Amino acid sequence: MSGDKEFLNGKEFLNELLTLHPELHDFYSSEQYQLSEKIIEIMMAKCMTEEQVADLLNIDLDDFVRMTSGDNTVDTSKYKQVINQLQKI
């Protein structure tokens with residue numbers, strides 16, 4: 001990152017991070033990560049916390065936190081199910 005105290009937006013930060021650490025590319029380009037961004041976007045639009053969503057959707061909080069962080073061990077169908085449920089709220 002540059003030496004000055006310039007602030008980067010999320011996409012700029014991610015691009016610079018991937019430039020510095022190309023081994024992270026697979027994680028950030030995974031379908032799970034892309035779906036986790038959608039979940040977070042919906043949560044923010046609805047002003048909901050992870051705890052509120054997990055409780056409302058009857059999902060274990062630890063499992064839901066794994067999903068919001070883009071955990072690639074969670075099947076994409078589960079992400080899509082959560083997105084569909086969130087969009088109906």
Side-chain angles (χ1 to χ4, degrees):
M1 295 194 183
S2 57
D4 57 24
K5 294 189 178 189
E6 158 185 340
F7 290 99
L8 303 175
N9 69 34
K11 294 292 182 189
E12 292 170 335
F13 174 78
L14 181 56
N15 287 335
E16 190 154 342
L17 181 66
L18 293 175
T19 299
L20 294 171
H21 301 281
E23 69 276 9
L24 297 175
H25 185 269
D26 288 344
F27 172 76
Y28 287 106
S29 62
S30 71
E31 186 175 2
Q32 285 90 339
Y33 184 78
Q34 305 304 315
L35 292 169
S36 74
E37 287 185 317
K38 181 68 174 172
I39 290 171
I40 293 168
E41 178 184 306
I42 297 168
M43 285 174 45
M44 291 176 64
K46 296 181 181 289
C47 299
M48 297 179 75
T49 66
E50 290 174 325
E51 292 84 359
Q52 290 170 322
V53 173
D55 187 52
L56 188 63
L57 300 182
N58 198 29
I59 300 172
D60 180 76
L61 179 59
D62 290 337
D63 291 341
F64 187 69
V65 169
R66 287 178 43 227
M67 292 179 70
T68 59
S69 66
D71 187 325
N72 65 5
T73 64
V74 178
D75 191 85
T76 57
S77 64
K78 183 66 176 170
Y79 282 90
K80 292 173 184 177
Q81 178 185 13
V82 167
I83 289 169
N84 288 333
Q85 290 175 314
L86 275 174
Q87 289 173 330
K88 293 177 183 176
I89 296 173

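Remember, predicted model here, so these are calculated numbers, not experimental data.
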Subject >> Cluster overlap Leu56 with Ile42, hydrophobic side-chain contacts below 4.5 Å >> reply: yes
Original post:
Under a single-linkage definition using a 4.5 Å side-chain heavy-atom cutoff for Ile, Leu, Val, Met, Phe, Trp and Tyr, are Tyr33 and Phe13 assigned to the same hydrophobic cluster?
Top reply: yes
Do you know the tightest heavy-atom contact between [X] and [Y]?
X	Y	value
Tyr79	Ile39	CD2-CD1, 3.8 Å
Thr73	Arg66	OG1-NH2, 3.0 Å
Ile89	Lys46	O-NZ, 2.5 Å
Gln32	Asn72	NE2-O, 3.3 Å
Asp63	Ile59	CB-CG2, 4.3 Å
Val82	Phe64	CG1-CE1, 3.8 Å

Original post:
For Glu37, which residues count as a salt bridge (Lys or Arg N to Asp or Glu O under 4.0 Å) partner, sequence neighbours excluded?
Top reply: Lys11
Subject >> Backbone N/O of Ile83 and side chain of Lys38: donor-acceptor pair under 3.5 Å >> reply: no
Subject >> Neighbour count >12 (heavy atoms, 6.0 Å) for atom CG, Asp75 >> reply: yes
Original post:
Just how far is it from atom CD of Gln81 to atom CG of Leu57, taken to the nearest 0.5 Å?
Top reply: 9.0 Å
Original post:
Step by step, would you call Met44 with Ile40 a side chain to side chain contact (heavy atoms under 4.5 Å, CB included)?
Top reply: CA-CA 6 Å; Met44 291 176 64; Ile40 293 168; 3.8 Å; yes
